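In this chain, numbering begins with 1 at the start of the sequence shown. All of these numbers come straight from a predicted model, not from anything done at the bench.
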Amino acid sequence: MFGKMMHQSLLISNLIDHAARYHSDTSIISREVNGQILTTNWLDVQKNSKRLANALNNFNLNQGDRLATIAWNNHRHLESWYAISGSGYVCHTINPRLFPEQLIFIINDAKDKVIFFDSTFLPLIVAIQGQVPAVEQFICLGARDEKVSAALPNVLFYDELIQNQSDVFSWPQFSEETPSSLCYTSGTTGNPKGVLYSHRSTLLHTMAISLPDSLNLSANDTVMPVVPMFHVNAWGVPYSAAMVGCSVVLPGPNLDGDSLVDLIDNHQVTVALGVPTIWQGLLAAAKKRGTTLASMNRNVVGGTACPPSLMRDFKNNYACDTIHAWGMTETSPLGTANQPKTKHTALSAEDFEKLRLTQGRPPFGVELRIVDADDNNATLAHDGQTQGNLQIRGPWIVDHYFNQEKSALTADGWFDTGDIATLDADGYLTICDRAKDLIKSGGEWISSVEIENIAVGHPEIRMAAAIAARHSKWDERPILIAVKEENSTLTEEDARAYFDNKIARWQIPDAIIFIDALPINGTGKIVKAELRKQFGDVLLQSELA
């Protein structure tokens, strides 16, 4: 016997229809690729998504076909998301910052039929078009542009494509298990791997990230996803914003500190999301310009560990709370978010800060555990101290990678994240390091994250990355690669002295190397593999000198 309740499949089209029905005049602010600011609303986004859906009906497409986007965070990109997934196709967001060989691999692996692109990526499209045979149509996300037309003779233009289409369209109904979007991992080792999300997994994830104990989004917010829509679907924010009906500021291609400060202050952004490198640029610009970022009451940091100094700067100088979050492409991405419990109000200021620096606890739907990889995946204690391999399971966690028959899970059904972590009794997660980034010196482990967090707390260090360098006696020793603040006269000796009494002496980097810029990948993370390749032998070389 079944429950006697209505059944409605959880579909992405439900989100945009809800936003248009109950939040029709709520603003969507979009910075275009030419720098202009355009204001639209949820009703117009829905209408244009339906116009595009009608246009796509004239293409040679079948349900489940992959339609790719190579675009910035803007209103046309948002409209195309809802049109593609709502029509039963798969929205494949592509990171344009990957190597061309990886882009070609991804497009061919997905067998994309259509590629939507912003005009800024025209050189990239021209370079790869002859190597992606499954692509039948390129669509430029904008008005007619003769430069684009000359380079791609058969290109279509988004504005022309939808202008004569009706905004009346009945979204098809299908199983909520139908795939909705496809994202590929960043591919730092080997080829990127595809993660195919379903409508069901996406809507459950959307509900979870909107909760007060997650990102706490509501119709009272103006949210700015600085994290790109090509990075794990902007952490799900474009879906959550439609669900709760909040205003959205889409920053386009200009993600420098000054541009973001303008958007925050001019459009009263209340919450913004991005990786630490973005926030470091924002804080530098805010300090230089003297703004208080008065509207912004919280920001979300993910992608990599949040430096304590960054969190303190936001709180002490801008009255802005930082929500530390953790996730991966394979987890849709939210795995945890740091929101305190009532009992934590009794903590001392020092202990409360320690709590806030963790990656937080999982929402309903996510389970976490740590295991001993050397002892047949034996489950370890959740005591906040014991370190182990972090594993996760839940309804929005990957099961199989796209186009791969082998399960991505352990024998008992968990996904191994590749992170080394601790969990406490309340589920608060602390990422100690990526397993591949841990430094093993004389048989003892050193966390690169801990070294980096101390380093960026120095007022004259802008960015830093700790890596393992080969050593003749200890096998590996930590070294720090850092970028100084402008006009800094900091020396290596002074920088090493800064670590005194902050970390065990044997964990202090053997060398600190200053460079002009760190290598950053398409998701804003530091590419340590490049640093290891360039600097991995510096200690051996110094011994020979």
Side-chain angles (χ1 to χ4, degrees), residues 8-30 39-49 73-75 77-79 81-82 85-86 91 171 176 180-181 197 199-227 229 232-251 263-264 267-274 295-302 320-323 325 327 332-339 360 362-366 395-396:
Q8 182 180 21
S9 291
L10 300 175
L11 301 179
I12 284 171
S13 55
N14 302 152
L15 293 173
I16 190 60
D17 281 353
H18 172 82
R21 185 178 297 118
Y22 298 114
H23 305 279
S24 60
D25 59 352
T26 298
S27 296
I28 308 295
I29 311 297
S30 174
T39 300
T40 181
N41 56 47
W42 279 117
L43 179 60
D44 286 340
V45 168
Q46 184 221 38
K47 286 183 175 181
N48 281 343
S49 68
N73 294 12
N74 56 55
H75 74 98
H77 197 182
L78 183 66
E79 293 162 4
W81 268 29
Y82 282 106
S85 297
C91 182
W171 299 113
E176 62 188 19
S180 62
S181 61
Y197 310 116
H199 285 258
R200 178 179 185 271
S201 73
T202 299
L203 262 73
L204 292 175
H205 179 264
T206 301
M207 293 178 187
I209 67 174
S210 303
L211 290 170
D213 274 3
S214 291
L215 306 186
N216 190 21
L217 296 178
S218 80
N220 294 312
D221 279 311
T222 296
V223 62
M224 183 171 70
V226 184
V227 56
M229 292 169 69
V232 204
N233 293 335
W235 299 349
V237 171
Y239 300 126
S240 183
M243 177 175 282
V244 304
C246 66
S247 184
V248 184
V249 175
L250 298 167
L263 290 174
I264 291 168
H267 302 287
Q268 300 301 291
V269 171
T270 60
V271 55
L273 304 92
S295 64
M296 201 162 86
N297 54 54
R298 65 198 187 281
N299 69 304
V300 181
V301 177
C320 179
D321 285 326
T322 297
I323 301 172
S332 294
L334 185 76
T336 62
N338 192 312
Q339 297 283 10
F364 172 79
V366 168
W396 55 83

Checklist entry - Do Gln339 side-chain atoms and Asp213 backbone N/O form a donor-acceptor pair below 3.5 Å? => result no

Checklist entry - Is a side-chain donor-acceptor pair under 3.5 Å present for Ser210 with Ser240? => result yes

Checklist entry - Any side-chain heavy-atom pair from Met207 and Met243 closer than 4.5 angstrom? => result yes

Checklist entry - Is there a side-chain contact between Ser85 and Tyr197, using heavy atoms and a 4.5 Å cut-off? => result no

Next on the checklist: Would you compute the distance between atom OG1 of Thr26 and atom CG of Asn41 and round it to the nearest 0.5 angstrom?
Outcome noted: 8.0 Å

Item to check | Heavy-atom side-chain proximity of Val300 to Leu215 below 4.5 angstrom | outcome: yes

Checklist entry - Under 3.5 Å, is there a donor-acceptor pair between the Thr270 and Asp221 side chains? => result yes

Checklist outcome for this item: To the nearest 0.5 Å, atom CH2 of Trp396 lies from atom CG of Leu204 at 6.5 Å

Checklist entry - How are the rings of His77 and Trp81 set to each other: parallel, tilted or perpendicular (split at 30° and 60°)? => result perpendicular

Next on the checklist: Show the nearest heavy-atom pair for residues Ser214 and Ala337, with the distance to one decimal.
Outcome noted: CA-CB, 3.9 Å

Checklist entry - When you look at Ile16 and Val45, which way does the side chain to side chain contact (heavy atoms under 4.5 Å, CB included) test go after all the steps? => result CA-CA 8 Å; Ile16 190 60; Val45 168; 3.8 Å; yes

Checklist entry - OG of Ser180 to CG of Asn233: how many Å apart, nearest 0.5 Å? => result 7.5 Å

Checklist entry - Roughly how far, to the nearest 0.5 Å, is CD1 of Ile12 from OG1 of Thr206? => result 7.0 Å

Next on the checklist: Run the side chain to side chain contact (heavy atoms under 4.5 Å, CB included) test on Ile28 and Leu250 for me, step by step, so that the C-alpha distance in whole Å, both residues' side-chain angles and the decisive distance to 0.1 Å come before the verdict.
Outcome noted: CA-CA 8 Å; Ile28 308 295; Leu250 298 167; 4.0 Å; yes

Checklist entry - How long is the gap from NZ on Lys47 to CD on Glu79, to the nearest 0.5 Å? => result 12.5 Å

Checklist outcome for this item: Between the OG1 atom in Thr202 and the CG atom in Leu11, the distance rounded to the nearest 0.5 Å is 10.5 Å

